[in-house]
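Report on the following structure.
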Amino acid sequence: QVQLMESGGGVVQPGGSLRLSCATSGFTFDFYGMHWVRQAPGKGLEWVAFIHYNTNNKYYADSVKGRFTISRDNSKSTLFLQMDSLRADDTAVYYCAKDQSGYGYYLDSWGQGTLVTVSS
Amino acid sequence: DTQMTQSPSTLSASVGDRVTITCRANQSINNLLAWYQVKPGKAPNLLIYDASSLKRGVPSRFSGSGAGTEFTLTISSLQPDDFATYYCLQYNTYSQYNTYSPWTFGQGTTVAIK
């Protein structure tokens, strides 16, 4: 059974940094691409970032490009999101999600999310 | 980038009703569209992929249709567990592999009890 568990959320001041983790199990992690998706309070889902199965390619939404970095440790079956220069509009529940393929297709399994609040 | 327009934003329905939600893309995405059900505090749940393929284990009252730019999610007979928010997602990124096009969601449709 595929399991995804996010951690690392919390309250951070504007301009600060936070690193999210997503521990996975139940599938061969290094075969699949992985995503981060977020949902701001009262808003819809927003795709944030994607990383290929082999880390060679990474893609970002324009809203986070240059501030967020997606990475993965295939030896630990763990996905990361380094978030720098955080702004109030980055406040959201952040979900990690497994892609159906290694190169980018649809998101087929999700975690329950971790809340990031950017506030002074 | 491909923009997705989802409608309606909310709908009120009763148990047993037939419900239809629509997503329109501003350019062709072939059949590269998925539908998700989201409930507060829970992991989003994939229902439909490739526009009309039902994920294993999802009840058959859910169905998807469409291709190109217009897509529909239908719940044939609404059940109490179906009151939730539904999102479409387009994943047509391969056609612009070197000039990348991001994944984009529709704005969501909340199905509420009438």
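- Of all heavy-atom pairs spanning B/Lys42 and A/Gln112, the tightest one is CA-NE2, 4.2 Å.
- Around the NZ atom of A/Lys58, the shell of radius 6.0 Å holds more than 12 heavy atoms that belong to other residues, nucleotides or ligands.
- Connection of A/Phe80 to A/Phe27 is not established within any shared hydrophobic cluster, with ILVMFWY side chains joined at heavy-atom distances below 4.5 Å, either directly or through further cluster members.
- Taking the six-membered ring where the residue is Trp, B/Trp103 and A/His35 present perpendicular rings, their angle passing 60° and hence far from 30°.
- In this structure, the portion of A/Phe50 lying under 4.5 Å from any heavy atom of chain B is its side chain and not its backbone.
- With a 4.5 Å cut-off on non-hydrogen atoms, A/Val37 touches chain B through its side chain but not through its backbone.
- A heavy-atom distance below 4.5 Å is found between the side chains of A/Tyr105 and B/Leu32.
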Going through the checks in order, is the side chain to side chain contact (heavy atoms under 4.5 Å, CB included) test met by B/Thr104 and A/Trp47? CA-CA 6 Å; B/Thr104 47; A/Trp47 175 81; over 6 Å; no
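- Interface residue A/Leu107: backbone and side-chain heavy atoms are both found under 4.5 Å from chain B.
- Under the 4.5 Å side-chain heavy-atom criterion for ILVMFWY residues, a single connected hydrophobic cluster contains both A/Leu79 and A/Val2.
- Contact between A/Leu45 and B/Val38 at its shortest, heavy atoms only, is CD1-CG2, 4.2 Å.
- Residue B/Tyr87 comes nearest to A/Gln39 through the heavy atom pair OH-NE2, 3.1 Å, listed as atom of the first residue, atom of the second, then distance.
- Of the listed residues (B/Pro102, B/Gly106, B/Ala43), the greatest number of heavy-atom pairs within a distance under 4.5 Å of chain A belongs to B/Ala43.
- Proximity to chain B is limited to the side chain of A/Tyr95, based on heavy atoms less than 4.5 angstrom apart.
- Tracing side-chain contacts under 4.5 Å through hydrophobic residues (I, L, V, M, F, W, Y), one reaches B/Tyr86 starting from B/Met4; they form part of the same cluster.
- Ring pair A/Trp110/B/Tyr36 is perpendicular by interplanar angle, where above 60° counts as perpendicular and below 30° as parallel.
- To the nearest 0.5 Å, atom NZ of residue B/Lys55 and atom OH of residue A/Tyr106 are 9.0 Å apart.
- The choice from B/Gly41, B/Gly108, B/Pro44 that makes the most heavy-atom pairs within less than 4.5 Å of chain A is B/Pro44.
- The cluster map of Ile, Leu, Val, Met, Phe, Trp and Tyr, joined by side-chain heavy atoms under 4.5 Å apart, puts A/Val48 and A/Val118 in the same cluster.
- For the set A/Ser109, A/Gly113, A/Ala97, A/Gly111, the entry with the most heavy-atom pairs within less than 4.5 Å of chain B is A/Gly111.
- Linking ILVMFWY side-chain heavy atoms closer than 4.5 Å, directly or via other members, places B/Trp35 and B/Val58 in a single hydrophobic cluster.
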